Amino acid sequence: MRKKAVPVGIEDFKELIQDEYYYADKTLLIDEMLMNKSKVTLFTRPRRFGKTLNMSMIKYFFDVKNAEENRKLFKDLYIEKSEYFKEQGQYPVIFISMKGIKDITWEEAKSSLKILISKLYSEFKYLLDDLDEFDLPRFKKYLLADIDFANLKNALEFLTRVLYEKHKKEVILLIDEYDSPLISAYEHNYYDEAINFFKVFYGEALKTNDYLKMGIITGIIRVIKAGIFSDLNNLRVY
């Protein structure tokens, strides 16, 4: 039994478990996803519905980094008794949240996206020592937010590839609140520019990506299934 109160506002699974807050066991979700073998899954739920906490849980479960330490987080939870518990700590994981991209203009949004990608790449600086003469300059440009915006579209796909080459394991890609920048773009009249970017940004990473084990997306609306991302036809909606 947990010792503390209901964890209002806590979105980090590790913090919730280690600080012994009350927790409704959602690890059956991991079991179900592995059983269904969906390549890409979209979860659409209202705000404050626990989407980010669930994505955090998934990250800690699969991530090859700190696998042994993370294994302890799932003690006495449903997934520990599942046949799929052997998948714990087996894959490199990319977790990116788009909820902060809520800019008024497309120029501001482009700057925010560069910063977001830079922060994401900083989590994988350990890859720098293993990159060849072709990939190293490109990785550094993403890391330093010095990349030409046209090449930013391929940031996620490129990162899945170099992670795969490092770990020899397919990558799990988690995209939280994928539709946040699209909602802002619609509200502030730069939707056409935004959608042209995100069609490639999401599509290259999630469709026909040989380095992808599983993609999981959360959001509020089903923009991604409305024919706008016609190339992304390999996802299941929950």
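Fair warning: this is a prediction, and the values are worked out from it, not measured in the lab.
Among all heavy-atom pairs drawn from I172 and L174, the shortest one is CG2-CD2, 3.8 Å. For the pair K99 and E177, the tightest heavy-atom approach, listed with the atom from each and the gap, is CB-OE1, 3.3 Å. In this structure, L182 and Y191 approach most closely via the heavy-atom pair O-CD1, 3.6 Å. When all heavy atoms are compared, the tightest approach of F74 to M57 is CZ-O, 3.6 Å. Closest non-hydrogen pair, P92 versus E170, comes out as CD-O, 3.5 Å. For the residue pair I216 and M55, the shortest heavy atom distance occurs at O-CE, 3.4 Å.
Counting only heavy atoms from C-beta outward, the side chains of L116 and M98 approach each other to under 4.5 Å. Between L152 and L113, some side-chain heavy-atom pair lies under the 4.5 Å cut-off. Looking at Y142 and I147, their side chains come closer than 4.5 Å, going by heavy atoms from C-beta outward. Side-chain contact between L163 and K169: absent, with no pair of heavy atoms (C-beta onward) separated by less than 4.5 Å. For the pair I30 and F62, the minimum side-chain heavy-atom distance is below 4.5 Å. Annotation: side chain of T105 is not in contact with side chain of H188 (no heavy-atom distance under 4.5 Å). Inter-residue side-chain proximity for L29 and N54 is flagged as met; some heavy-atom pair is nearer than 4.5 Å.
D148 pairs by the side chain to side chain contact (heavy atoms under 4.5 Å, CB included) definition with A150, N151, not counting sequence neighbours. Taking F95 as the reference, nothing meets the ring pair (Phe, Tyr, Trp, His ring centres under 6.0 Å) condition, with sequence neighbours excluded. Residues passing the side chain to side chain contact (heavy atoms under 4.5 Å, CB included) test with D130, sequence neighbours excluded: K166. Shown here are the ring pair (Phe, Tyr, Trp, His ring centres under 6.0 Å) partners of Y164, two or more places apart in sequence or in another chain: Y211. Residues satisfying the ring pair (Phe, Tyr, Trp, His ring centres under 6.0 Å) criterion with Y126, sequence neighbours excluded, are H167. Under the rule for a side chain to side chain contact (heavy atoms under 4.5 Å, CB included), the partners of K14 that lie at least two apart in sequence or sit in another chain are D12, Q18, Y60, L73. When the side chain to side chain contact (heavy atoms under 4.5 Å, CB included) test is applied to S112, the partners found at least two apart in sequence or on another chain are I101, D103. Residues meeting the salt bridge (charged side-chain N to carboxylate O under 4.0 Å, His left out) test with K86, sequence neighbours left out: none. Under the rule for a ring pair (Phe, Tyr, Trp, His ring centres under 6.0 Å), the partners of F149 that lie at least two apart in sequence or sit in another chain are W106, F197. For K114, there are no side-chain hydrogen bond (donor to acceptor under 3.5 Å, both in side chains) partners two or more places apart in sequence or in a different chain.
Summarising the geometry, atom OG belonging to S122 is positioned 11.0 Å from atom CD1 belonging to I117; distances are rounded to the nearest 0.5 Å. We find the OG1-CG distance between T52 and D176 to be 3.5 Å, quoted to the nearest 0.5 Å. S180 OG to I175 CD1: the interatomic distance, rounded to the nearest 0.5 Å, is 13.0 Å. Between the NZ atom in K75 and the CD1 atom in I17 there is a gap of 12.5 Å [rounded to 0.5 Å]. The line from CD of E123 to OG of S118 is 10.5 Å long, rounded to the nearest 0.5 Å. Rounding to the nearest 0.5 angstrom, the gap separating the CG atom in D25 from the CG atom in L77 is 4.5 Å.
L28 belongs to a hydrophobic cluster with Y78, counting contacts under 4.5 Å between side-chain heavy atoms of Ile, Leu, Val, Met, Phe, Trp and Tyr, direct or through other members.
Outside the 6.0 Å centre-distance limit, the rings of F124 and F139 are not counted as a close aromatic pair.
Residues I195 and I104 do not share a hydrophobic cluster, clusters being chains of Ile/Leu/Val/Met/Phe/Trp/Tyr side chains in contact below 4.5 Å. Placement of Y91 and M33 within a single hydrophobic cluster is found when ILVMFWY residues are connected by side-chain heavy-atom separations under 4.5 Å, directly or transitively. Put simply, L120 and L128 are part of the same group of oily side chains (I, L, V, M, F, W, Y) that touch within less than 4.5 Å, one to the next.
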Go through it in stages, so that I can follow the logic: the residues are V171 and K213, the test is side-chain contact (heavy atoms from CB on, under 4.5 Å), and I'd like the CA-CA distance, side-chain angles, deciding distance and then a yes or no. CA-CA 5 Å; V171 178; K213 170 69 175 178; 6.0 Å; no
Taking it one step at a time, do F61 and E87 satisfy side-chain contact (heavy atoms from CB on, under 4.5 Å)? CA-CA 8 Å; F61 180 80; E87 298 289 306; 4.3 Å; yes
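Salt bridge absent: E204 and K207 never bring a charged side-chain N and a carboxylate O closer than 4.0 Å. A salt bridge links K110 with E107; the closest basic N to acidic carboxylate O contact falls under 4.0 Å.
Side-chain atoms of N36 and S38 include no donor-acceptor pair closer than 3.5 Å. Residues Y84 and Q88 bring no donor and acceptor atom of their side chains to less than 3.5 Å of each other.
Under a 3.5 Å cut-off, the side chain of D179 and the backbone N or O of I220 do form a donor-acceptor pair. Checking side-chain atoms of Y202 against main-chain N and O of Y178 turns up a donor-acceptor pair under 3.5 Å. Looking only at distances, a side-chain donor or acceptor of N70 sits under 3.5 Å from a matching main-chain atom of N66.
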Residues 153-162, side-chain donor-acceptor partners within the protein, below 3.5 Å, at least two apart:
unit_1 : atom_1 : unit_2 : atom_2 : d
T160   : OG1    : E157   : O      : 2.6
T160   : OG1    : N209   : ND2    : 3.1
R161   : NH1    : D135   : OD2    : 3.0
R161   : NH1    : E165   : OE1    : 3.4
R161   : NH1    : E165   : OE2    : 3.1
R161   : NH2    : D135   : OD1    : 2.8
R161   : NH2    : D135   : OD2    : 3.3

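Remark: K125 NZ is loosely packed, at most 12 non-hydrogen atoms of other residues, nucleotides or ligands lying under 6.0 Å away.
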